[in-house]
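Notes follow once the structure below has been shown.
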Amino acid sequence: MNKKTIIRTLEKIALYMELQGENPFKVSAFRKAAAALEGDERSLSEMEDVTKLKGIGKGTAAVIEDLMATGESSYLKELEEAVPSGLLPLLKLPGLGGKKIAKLHQELGIDSAESLKAACEAQQVRELAGFAAKTEEKILKELENLANRSERLAIWQLEPVVLQIEALLGSMKEVVRFSVAGSFRRAMETSKDIDFIVVTEAPATVREQLLQELAVQEVVAAGDTKISVILDLDEPVSVDFRLVKDAEYATALHHFTGSKDHNVRMRQIAKARGEKISEYGVEQADGTVLTFEDEAQFFAHFDLPFIPPSLRTGKNEFDKAADIADLVTLTDIKADLHMHTTWSDGAYSVAEMGQALMARGYQYGVITDHSQFLKVANGLTPERLVKQRAEIEAFNQANPTFRLYAGTEMDILPDGSLDFEDAVLKELDFVIASIHSSFTQSQDKIMARLLTAMQNPYVHMIAHPTGRIIAEREGYHPDMPQLIAWAKEYGKILELNANPYRLDLCVEHLEMAMAAGVPIAINTDAHDSAHLRFMDIGVRYANRAWLKKDMIVNTWTYEQFEAFIRRHK
DNA sequence: GCCGTTTTCGGCCCGACTGTTTTCAGTCG
């Protein structure tokens, strides 16, 4: 019996109890027990007594023991017999929670979306106490939506929308300051919607402008403090705007950045001190409300360091607060080691990319166009590589305060060989090896290809090591513990590709790499100078894995980096 | 169901909103 199964079982029990209209605190006790197991890094066999964990008591421990002894939970079985599984999807309907669904089941025998639809159409639902015609109509409408509603949207779908809205808010003179919040700010791979905190003294004007300027498909709510719209883009995107006063900015931003679990923990901390946190401020025992200039001051009030948004999981950020100082921030980044130019499939020249790197305040960077195998990307032959190097050197001559290196993103070919001979690689400053083809090969073959690259003395880094695209493509499933072991053995860098399409390595793999002491490079894989902005996403994503900054290659100084790339020469 | 340096009973994060009621329960983020 593994830990994940136990966690899932406890969560499933909570779900079924919810559908019985069970006491919400009892339901949340099972969720807390699951979270307690998840938050503990030890395996089950390493814990002698689970009830020692905060959040696990007699009841939940009994379920765990049952699972360990028999492989299943008799309690869950009872619940499954009592509650039709067809009710589970109904929890996804906005406006319906456990209590109402329990009532529909008990009073009308509803056991599925189909029977709920029939009952609404027969106008039986409006007869129940607590329900009426409006609720019935809403349920019918949401049942329609349930079928064709798109799930969470990927970060690469949301990022351009966020950028566009930021430009709009930045152009509005009534807007004092603003920030994106929610799960996007926490660098989650997918989000249900986008949240913005907007400071203004003229909410009505801002509201009208937003509704006018945005591609609004549907206005869900448009009050003085909250505007909620669905935008008509490639996919419909829900966006919430919270309009607040300047003094409320920090606490509102914190509140709407979440996560929910993080907020719960913060409020418990406040409560223990006789204070009360809300989005409007921190209420003192005497009733006065404190507000803060920014989130850092808000955290400082509770004797906490600034907790970066992507760490706000409610799981371990309070226990590991002392480690936050070791984490990377955008200002630590001194370079970008993976980018393309017009020599292959990029949109800007070598000089333009170099200028863009300098404009970001970096010390160095590497041009890494594709190699000859990638014909669709106009990959470079050895001859063109030589010509490109001359152009890079010319840039360096003209810009002595910055250093642009000549590199390549070389394909690892389907047959396991590398796209350039050692004689070619030897002449390059920095060599990235990556897989862009034959993703469906067996894991053995994929690993054999990666091993060739690992063993080549001129290769410095493996880019986007799994080949995944978020919510689109799983990639080629390398044996990650093995790959990380090789990286350690052969002294290679593994990439955190910061392009929001990829975020590869993922959080879990980054944690494994860091535990093994393998250096990571956060790179944008820019095909356009504007893509250099993805570094921000990469840094926030790296925080989620608690990557220490001295393990991150592109926080190194020019001298440190130089020493690393020259070590075999 | 879980928890306790105000505690073994009484509270468990907080506030807005909606739709139902006519003062509030349920849902949501």
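Chain A is the first sequence line, chain B the second, and so forth, proteins listed ahead of strands; every chain is numbered from 1.
Spacing between atom CZ of A/Phe131 and atom P of B/dG26 amounts to 10 Å, rounded to whole angstrom units. Atom-to-atom, CZ of A/Phe25 to P of B/dC13 comes out at 7 Å; the value is rounded to the nearest Å. Distance A/Leu93 CG to B/dC28 C1': 14 Å, rounded to the nearest Å. The nearest whole Å value for the distance from the NE2 atom in A/His255 to the C1' atom in B/dG29 is 6 Å. At whole-Å resolution of the value, CG in A/Asp195 and P in B/dC28 are 16 Å apart. Rounded to whole Å, the distance from CD on A/Glu137 to P on B/dG19 is 10 Å. Regarding A/Leu15, its CG atom lies at a distance of 18 Å from the P atom of B/dG1, rounded to whole Å. When the C1' atom of B/dT27 is taken as reference, atom CG of A/Leu90 falls 15 Å away, rounded to whole Å.
Taking 4.0 angstrom as the limit, A/Thr60 places a side-chain polar atom (N or O) nearer than this to OP1 or OP2 of B/dC2. Within the 4.0 Å cut-off from OP1 or OP2 of B/dC13, not a single side-chain nitrogen or oxygen of A/Ser278 is found. For A/Tyr280 and B/dC14, the shortest distance from a side-chain N or O to OP1 or OP2 is not below 4.0 Å. Side-chain nitrogen and oxygen atoms of A/Lys271 include at least one within less than 4.0 Å of the OP1 or OP2 phosphate oxygen of B/dC14. Residue A/Lys99 has a polar side-chain atom (N or O) positioned under 4.0 Å from OP1 or OP2 of B/dG26. Phosphate proximity of B/dC12 to A/Lys26: absent, as no side-chain N or O sits under 4.0 Å from OP1 or OP2.
Taking the six-membered ring where tryptophan is involved, the planes of A/Phe302 and A/Phe298 are perpendicular, since the angle between them exceeds 60° and thus also 30°.
Atom name C1', nucleotides B/dT27 and B/dT20: the rounded distance is 13 Å, in whole Å. For the C1' atom pair drawn from B/dT7 and B/dC12, the interatomic distance equals 13 Å after rounding to whole Å. Nucleotides B/dG29 and B/dC13, compared at atom C1', are 12 Å apart to the nearest Å. The C1' atoms of B/dT6 and B/dG1 are separated by 23 Å, rounded to the nearest whole Å. Taking atom C1' on both nucleotides, B/dT21 is separated from B/dT8 by 39 Å, rounded to a whole Å. Comparing the C1' positions of B/dC17 and B/dT23 gives an interatomic distance of 16 Å, to the nearest angstrom. Taking the P atoms as reference points, B/dG4 lies 25 Å from B/dG15, given to the whole Å. Rounded to the nearest Å, the gap between the P atom of B/dT18 and that of B/dT5 is 41 Å.
Nearest to the side chain of A/Lys54, among B/dC3, B/dG26, B/dC2, sits B/dC3. Taking only side-chain atoms of A/Lys32, from C-beta outward, the nucleotide of B/dG29, B/dG26, B/dC13 with the closest atom is B/dC13. Candidate nucleotides B/dC2, B/dG29, B/dG19 were compared by shortest atom distance to the side chain of A/Lys192, and B/dG29 ranks first.
For the pair A/Gly95 and A/Gly130, nearest-nucleotide mapping onto DNA chain B gives the more 5' position to A/Gly130. The nearest heavy atom of DNA chain B to A/Lys134 and to A/Gly98 marks one nucleotide each, and the one closer to the 5' end goes with A/Lys134.
In this structure, A/Phe256 reaches neither bases nor backbone, as no heavy-atom distance under 4.0 Å exists between it and the strands shown. When heavy atoms are screened at a 4.0 angstrom cut-off, A/Leu53 is found touching the sugar-phosphate backbone but no base atom. Among the heavy atoms of the strands lying under 4.0 Å from A/Lys276 are primed sugar atoms or P, OP1, OP2 only; no base atom is included. Counting any heavy atom pair closer than 4.0 Å across all strands shown, A/Asn23 reaches a base atom. Among the protein residues, A/Lys260 comes within range of the nucleic acid bases, having at least one heavy atom under 4.0 Å from a base atom.
Of all heavy-atom pairs between A/Ala498 and A/Ile522, the closest is CB-CG2, 4.1 Å. When all heavy atoms of A/Gly95 and A/Lys138 are compared, the closest pair comes out as CA-NZ, 4.2 Å.
In the displayed structure, A/Lys117 atom NZ is contacted under 6.0 Å by at most 12 heavy atoms of other residues, nucleotides or ligands. Within a 6.0 Å sphere centred on NZ of A/Lys320, heavy atoms belonging to other residues, nucleotides or ligands number more than 12.
Summarising the base pairing, B/dT8 is matched to no nucleotide, lacking a Watson-Crick or G-U wobble pair whose two defining distances lie under 3.5 Å.
Taking the ring axis of A/Tyr501 as reference, the NZ or CZ atom of A/Arg473 does not stay both within 45° of it and closer than 6.0 Å to the ring centre.
Remark: side-chain polar atoms of A/Ser259 are paired, donor with acceptor, to backbone N or O of A/Arg312 under 3.5 angstrom. Proximity of a side-chain donor or acceptor of A/Asn2 to a complementary backbone N or O of A/Thr5 within less than 3.5 Å is detected.
Contacts of residues 108-129 of chain A with DNA chain B (heavy atom under 4.0 Å): none.
For the residue pair A/Asn497 and A/Glu495, a side-chain donor N or O sits within less than 3.5 Å of a side-chain acceptor on the partner. A donor and an acceptor atom, one from each side chain of A/Glu22 and A/Tyr16, are nowhere located under 3.5 Å apart.
B/dT7 shows a glycosidic angle within 90° of 0 and is accordingly assigned syn.
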